[in-house]
**Q** 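Attaching a single structure in structure tokens format; questions to follow.
Numbers restart at 1 for each chain; the letters A, B, ... are given by sequence-line order, proteins then strands. Remember, predicted model here, so these are calculated numbers, not experimental data. Because only heavy atoms are used, hydrogens play no part in the values below, and waters and symmetry mates are left out as well, while side chains stay in.
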Amino acid sequence: MPELPDVENYHRYLTDHGLKREIADVGIGSAKVLDHISGKDLAAALKGRRMVEARRHGKHILASLDDGQWLHFHFGMTGFFAAFDDPNTDSAHDRLRFDFADGGHLAFDNQRLFGRVGLTQDPADFIEEKELGPDALAIDADSFIAAFKEKRGQVKAALMDQSLLAGIGNIYSDEILYDAKLHPKTPVPDLDEDALETLYKSMRRVLEMAIERGAGFEGVEQRVPDTWLLPHRQDGESCRRCGGTIRSIKIQSRTAYYCPDCQPAP
DNA sequence: AGTACCACCTGACGGC
DNA sequence: TGCCGTCAGGTGGTAC
């Protein structure tokens, strides 16, 4: 699930449920999600600490601790946070659990174990090490256009390139291109300034509305407009905009869905 | 630089 | 019903 809109909602969830609470203990459900740190060391670093501030950059969440260190979270292909008051209730795939001194806990649920959690001294260093570009919702139109003017290759691949722009994945790149009526294989150099501006506006519109409609929580397909691609991402489905037939193709070994009528081949 | 393929994991789904 | 191949919203490494 987790692309920018989903992660933004998890970021807000963490802000509401994880900050300012004293961490009494840390439970390790699976050490596979630990990024270059042992469960023992992570627990030792967190006991007695509180998270103070949470930020999001692309698909990553960074949360400061009251001793100046930062936790970083990435969900991989599955996952979310879930908070509980009842110590006996828990998330199905709880891989890392923060047990708070107030008796509640927060689970980092990560079914497929592609997620990662670790510690870093500085968010800026972390972003640089991961070679992340600017966050897709933080970049302004001029910088977006400038960055894409330097880019080659297919537009869908460019949108998903985390070093160019951080936060967009397979689902939302399809949605943005559907909104902008661009074929996913369109070469970026074919896009003139107006087309890039349109693409930028589509990106913002899609990401912002997805956040607003509760991306990352169950049932988001029903809450986004029916004129979106998301509720109809299936080969043979009909396009709600033009009546065409939704098709899938492989781009960078990922399945891309689009409407061949609305999004004509370049 | 861009793209293709593999690997890492778990689980759901369709076909037989 | 049960087994098996395939596929899933991410990323990192390798190779061409």
Side-chain angles (χ1 to χ4, degrees), chain A residues 1-10 29-36 56-61 72-80 91-96 108-118 126-133 135-136 147-178 184-191 203 206-207 209-211 213-224 228-236 246 248-258 266:
Chain A
M1 228 186 229
E3 297 183 37
L4 189 151
D6 315 271
V7 178
E8 174 55 26
N9 283 328
Y10 300 156
S30 172
K32 288 198 169 164
V33 303
L34 302 181
D35 199 9
H36 300 294
R56 180 190 56 72
H57 187 102
K59 302 172 191 172
H60 296 263
I61 291 174
H72 57 83
F73 300 91
H74 189 280
F75 295 91
M77 281 180 82
T78 56
F80 49 87
S91 209
H93 311 283
D94 178 352
R95 311 305 194 191
L96 180 65
F108 175 76
D109 185 297
N110 199 250
Q111 182 185 125
R112 284 176 67 186
L113 298 173
F114 289 156
R116 292 294 178 266
V117 180
F126 176 80
I127 289 163
E128 196 179 330
E129 277 164 31
K130 293 281 176 188
E131 298 183 339
L132 299 176
D135 181 77
F148 273 68
K149 276 184 177 172
E150 305 290 307
K151 188 76 177 164
R152 288 178 292 154
Q154 303 171 332
V155 66
K156 179 178 167 72
L159 284 172
M160 292 196 298
D161 180 349
Q162 301 301 298
S163 68
L164 185 70
L165 207 57
I168 299 169
N170 199 31
I171 290 281
Y172 288 103
S173 59
D174 279 357
E175 197 67 52
I176 291 163
L177 293 169
Y178 182 76
K185 282 187 188 260
T186 308
V188 176
D190 284 7
L191 303 172
M203 176 183 79
V206 165
L207 297 178
M209 182 160 301
I211 292 167
R213 299 297 169 98
F217 300 113
E218 208 157 332
V220 64
E221 312 77 36
Q222 279 88 58
R223 293 190 301 270
V224 297
W228 275 30
L229 179 63
L230 186 56
H232 314 288
R233 275 183 114 253
Q234 206 177 328
D235 221 9
I246 303 298
S248 68
I249 47 173
K250 292 282 182 193
I251 294 184
Q252 289 205 151
S253 350
R254 315 292 304 279
T255 309
Y257 293 87
Y258 72 111

**Q** To the nearest Å, give me how far apart CZ (A:Arg213) and P (C:dG9) are.
**A** 23 Å

**Q** Which residues in residues 159-171 of chain A have at least one heavy atom lying under 4.0 Å from any atom of DNA chain C?
**A** A:Gln162, A:Gly169, A:Asn170, A:Ile171

**Q** Does A:Phe80 have its ring centroid less than 6.0 Å away from the ring centroid of A:Phe75?
**A** no

**Q** Identify, between A:Lys151 and A:Lys32, the residue whose nearest nucleotide on DNA chain B lies closer to the 5' end.
**A** A:Lys151

**Q** Provide the distance between the two P atoms, one in B:dC5 and one in C:dT6, to the nearest whole Å.
**A** 15 Å

**Q** Are C:dT11 and A:Phe114 stacked, with the base six-membered ring and the side-chain ring centres under 5.5 Å apart and planes under 30°?
**A** no

**Q** Looking only at heavy atoms, what is the nearest atom pair of A:Asp109 and A:Asp94, with distance?
**A** OD2-N, 4.1 Å

**Q** For A:Thr255 and A:Ser248, work out which heavy atoms get closest and say how close.
**A** CG2-CB, 3.7 Å

**Q** The side chain of A:Glu3 is closest to which nucleotide in this list: B:dG11, C:dG9, C:dT11?
**A** C:dG9

**Q** Would you say the side-chain atoms of A:Asp174 pair up with the backbone N or O of A:Ala256, donor to acceptor, closer than 3.5 Å?
**A** no

**Q** For A:Thr255, report the nucleic acid contact type (base, sugar-phosphate, nothing); a contact means any heavy atom under 4.0 Å.
**A** sugar-phosphate

**Q** Measuring only between side-chain heavy atoms, which start at C-beta, is A:Arg95 closer than 4.5 Å to A:Leu113?
**A** yes

**Q** May I have the distance from A:Arg112 (atom CZ) to C:dT11 (atom C1'), rounded to whole angstrom?
**A** 12 Å

**Q** For the side chain of A:Arg95, starting at C-beta, report the closest nucleotide among C:dT11, B:dT10, C:dG9.
**A** B:dT10

**Q** Please convert DNA chain B into dot-bracket. A pair counts if it is Watson-Crick or G-U wobble with both distances under 3.5 Å; crossing pairs go in [ ] and bases paired with another strand get |.
**A** .|||||||.|||||||

**Q** Could you state the NE2-P distance from A:His36 to C:dG12, rounded to the nearest angstrom?
**A** 10 Å

**Q** Starting the side chain at C-beta, find the nucleotide from C:dG12, B:dC9, C:dT11 nearest to A:Lys130.
**A** C:dG12

**Q** Using whole Å, what does the distance between atom C1' of nucleotide C:dG12 and atom CD of A:Glu131 come to?
**A** 11 Å

**Q** Using atom CD of A:Glu129 as one end and atom P of C:dT11 as the other, report the distance to the nearest whole Å.
**A** 16 Å

**Q** Quick one, A:Ile251 and A:Gln154 - any side-chain contact, counting heavy atoms below 4.5 Å?
**A** yes

**Q** Looking only at heavy atoms, which two atoms of A:Pro5 and A:Ala210 are closest? And how far apart?
**A** CB-CB, 3.7 Å

**Q** What is the distance, to the nearest angstrom, from the CD atom on A:Glu221 to the C1' atom on C:dA8?
**A** 13 Å

**Q** What are the atom names and distances for every N/O pair under 3.5 Å that joins the protein to nucleotides 3-5 of chain B?
**A**
from, atom 1, to, atom 2, distance (Å)
B:dT3, OP1, A:Gln154, N, 3.3

**Q** Examine B:dT10: is either OP1 or OP2 under 4.0 Å from a nitrogen or oxygen in the side chain of A:His93? Give yes or no.
**A** no

**Q** About how many Å separate CG of A:Leu4 and CZ of A:Arg56, when rounded to the nearest 0.5 Å?
**A** 3.5 Å

**Q** Would you kindly give the CG-to-C1' distance between A:Leu34 and B:dC9, to the nearest whole Å?
**A** 15 Å

**Q** What integer distance in Å separates A:Asp235:CG from C:dC7:C1'?
**A** 14 Å

**Q** Report the nucleotide, chosen from C:dT11, B:dT10, C:dG9, that has the shortest atom-to-atom distance to any side-chain atom of A:Met77.
**A** C:dG9

**Q** Are any of the side-chain heavy atoms of A:Phe73 and A:Phe108 separated by less than 4.5 Å?
**A** yes

**Q** Establish, from distance only, whether the side-chain atoms of A:Asn170 and A:Lys156 form a donor-acceptor pair under 3.5 Å.
**A** yes

**Q** Taking the six-membered ring for Trp, are A:His60 and A:His74 closer than 6.0 Å centroid to centroid?
**A** yes

**Q** Looking at every non-hydrogen atom in both residues, tell me the closest pair between A:Gly167 and A:Lys59 and how far apart they are.
**A** O-CE, 3.5 Å

